Enquirer: 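The structure is given below, and queries will be raised subsequently.
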Amino acid sequence: MEQTLQSILDQAIPLTQAMGIRVERYTGRELTILAPLANNFNHLGTAFGGSLYIAAVLSSWGLLYLRLREAGVEGNIVIRRGGVEYLRPVSGDIVATGTMPPDAEFHDFLDTYARTGRAKMVIHAEVAGDGGPAVRFEGTFALVK
């Protein structure tokens with residue numbers, strides 16, 4: 001599954017290649033991606049805020065993509081809204097992890113999509129930092145036919 005997602009990111013979103021984004025780990029509940037600091041630094045030598053945001057979005061989007069494929073559900077995933085809170089600088093590689101909501105929410109999401117052809121879900125992600133989360137992200141993703 002991770003290889004499939006990596007190929008999609010590389011082919012469909014060219015920016016991921018410039019950022020050096022790599023799918024690291026998928027557990028079914030979480031997706032972790034990595035982006036090397038060497039490709040994503042700012043004038044202070046820490047991770048660029050835009051790169052942190054993109055990594056958080058992609059860890060969430062990719063997680064939903066994989067869960068939908070496992071469920072045999074086809075559709076287009078788009079981000080409707082994204083909010084980010086920057087808590088501390090990231091001085092190393094960017095490690096972003098998206099986390100699925102409880103299974104009941106995912107099943108409600110699938111039921112709504114089956115009935116109406118569209119549904120939305122909130123997914124949270126964090127970017128790891130020294131001493132705790134460096135970034136918290138909340139994204140509302142829509143699935144449409």
Side-chain angles (χ1 to χ4, degrees), residues 1-71 73-110 112-113 117-145:
M1 291 292 273
E2 290 97 331
Q3 289 284 80
T4 300
L5 179 59
Q6 185 69 58
S7 294
I8 290 167
L9 293 177
D10 289 345
Q11 293 171 13
I13 307 172
L15 178 61
T16 62
Q17 291 179 39
M19 290 179 64
I21 288 195
R22 291 288 162 249
V23 176
E24 289 292 306
R25 182 177 56 93
Y26 172 64
T27 67
R29 296 266 329 127
E30 294 183 335
L31 174 69
T32 300
I33 64 169
L34 180 132
L37 181 63
N39 296 40
N40 297 284
F41 61 89
N42 61 23
H43 64 289
L44 300 172
T46 58
F48 175 62
S51 295
L52 294 166
Y53 181 82
I54 291 167
V57 168
L58 290 174
S59 70
S60 302
W61 181 92
L63 176 60
L64 182 55
Y65 175 86
L66 292 174
R67 286 293 302 267
L68 290 170
R69 293 312 169 263
E70 286 177 345
V73 176
E74 296 288 330
N76 296 302
I77 306 165
V78 295
I79 187 165
R80 289 190 65 212
R81 181 175 300 130
V84 66
E85 182 180 13
Y86 298 97
L87 305 170
R88 59 179 51 93
V90 174
S91 57
D93 291 342
I94 299 168
V95 180
T97 301
T99 304
M100 284 298 289
D103 286 340
E105 284 184 44
F106 182 63
H107 293 300
D108 289 346
F109 171 81
L110 293 178
T112 300
Y113 182 68
R118 61 180 184 244
K120 63 182 179 176
M121 180 188 319
V122 173
I123 299 178
H124 293 92
E126 286 188 355
V127 175
D130 296 334
V135 175
R136 288 193 180 112
F137 169 81
E138 178 179 286
T140 303
F141 294 85
L143 178 63
V144 295
K145 287 191 179 188

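Small disclaimer: the values here were computed from a predicted structure and weren't measured. The first residue of the sequence shown is numbered 1, and numbering continues consecutively from there.
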Enquirer: Between the main-chain N or O of A47 and the side-chain N or O of N40, is there a donor-acceptor pair closer than 3.5 Å?
Expert: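 No.
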Enquirer: Report the distance from atom CD of E24 to atom OG1 of T32, rounding to the nearest 0.5 Å.
Expert: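 Reported value, rounded in 0.5 Å steps: 8.0 Å.
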Enquirer: If you measure from CG on L31 to CG on L64, what distance do you get to the nearest 0.5 Å?
Expert: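 Spacing of CG (L31) from CG (L64) equals 11.0 Å.
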Enquirer: Would you check if there is a donor-acceptor pair between the side chains of T46 and N42 at a distance under 3.5 Å?
Expert: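 Yes - a donor-acceptor pair under 3.5 Å links their side chains.
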Enquirer: Tell me whether the count of non-hydrogen atoms from other residues, nucleotides or ligands lying under 6.0 Å of CZ in F106 goes above 12.
Expert: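 Yes, CZ of F106 has more than 12 neighbouring heavy atoms, counting only those of other groups under 6.0 Å.
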Enquirer: Flag the pair R118 / K145 as yes when at least one side-chain heavy-atom distance between them is below 4.5 Å, and no otherwise.
Expert: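 A side-chain contact under 4.5 Å is absent here.
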Enquirer: Do the non-hydrogen side-chain atoms of L63 and Y26 ever get within less than 4.5 Å of each other?
Expert: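 Yes, at least one pair of side-chain atoms sits under 4.5 Å.
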Enquirer: With rounding to the nearest 0.5 angstrom, report the CD to CD distance, Q11 to Q17.
Expert: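 Q11 atom CD to Q17 atom CD measures 8.5 Å (nearest 0.5 Å).
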Enquirer: Quick one: CD1 on I94 to CG on N39, what's the gap to the nearest 0.5 Å?
Expert: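 Going from CD1 on I94 over to CG on N39, the span is 9.0 Å.
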Enquirer: Is it the case that the side chain of S60 and the backbone of A56 share a donor-acceptor pair, with hydrogens and angles ignored and the cut-off at 3.5 Å?
Expert: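 The answer is yes, because a donor-acceptor pair under 3.5 Å joins these two groups.
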Enquirer: Just how far is it from atom OH of Y65 to atom CG of L58, taken to the nearest 0.5 Å?
Expert: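 The distance works out to 13.5 Å.
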Enquirer: So do I21 and D10 actually touch side chain to side chain, heavy atoms under 4.5 Å?
Expert: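 When only atoms from C-beta onward are counted, I21 and D10 do not touch, as no gap falls below 4.5 Å.
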Enquirer: If you look at every heavy atom in T99 and E30, which pair is closest and at what distance?
Expert: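 Reported closest heavy-atom pair: OG1-OE2, 3.6 Å.
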Enquirer: Can you find a heavy atom in the side chain of F109 that is under 4.5 Å from one in the side chain of R67?
Expert: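 The answer is no; the side chains never approach within 4.5 Å.
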Enquirer: Check whether any side-chain heavy atom of E126 sits under 4.5 Å from a side-chain heavy atom of T97, and report yes or no.
Expert: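 Of all side-chain heavy-atom pairs linking T97 with E126, none is under 4.5 Å.
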Enquirer: Between A128 and V90, which heavy-atom pair has the shortest distance, and what is it?
Expert: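 Smallest heavy-atom distance, with atoms named: O-CG2, 4.0 Å.
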Enquirer: Can you find a pair of side-chain heavy atoms, one from L52 and one from V84, that are under 4.5 Å apart?
Expert: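 With C-beta onward as the side chain, the pair stays apart.
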Enquirer: Is it true that a side-chain atom of R81 and a backbone atom of G139 form a donor plus acceptor pair closer than 3.5 Å?
Expert: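 Answer holds: no.
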Enquirer: Any side-chain heavy atom of R29 within less than 4.5 Å of one from D103?
Expert: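 Result yes, sub-4.5 Å side-chain heavy-atom pair found.
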Enquirer: Once rounded to the nearest 0.5 Å, what's the spacing between atom CD of Q6 and atom CD1 of I33?
Expert: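 It comes to 9.0 Å.
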Enquirer: For I77, is there any backbone N or O sitting under 3.5 Å from a side-chain donor or acceptor partner on W61?
Expert: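 Present.
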Enquirer: Compare every heavy atom of V122 with every heavy atom of P101, then report the nearest pair and how far apart it is.
Expert: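 Closest approach of P101 to V122, heavy atoms only: CG-O, 3.8 Å.
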Enquirer: Just wondering, do P89 and L44 contact through their side chains at under 4.5 Å, heavy atoms?
Expert: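 The answer is no, as the side chains (C-beta and beyond) never meet within the 4.5 Å cut-off.
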Enquirer: Tell me the closest heavy-atom pair linking L110 and A71, and the distance in Å.
Expert: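 Closest heavy-atom pair between L110 and A71: CD1-CB, 4.3 Å.
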Enquirer: Between T16 (side chain) and L9 (backbone), is there a donor-acceptor pair under 3.5 Å?
Expert: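 Yes, T16 side chain to L9 backbone: donor-acceptor pair under 3.5 Å.
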Enquirer: What are the two closest non-hydrogen atoms of S91 and D130, and how far apart are they?
Expert: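 Smallest interatomic distance, heavy atoms only, reads OG-OD2, 3.4 Å.
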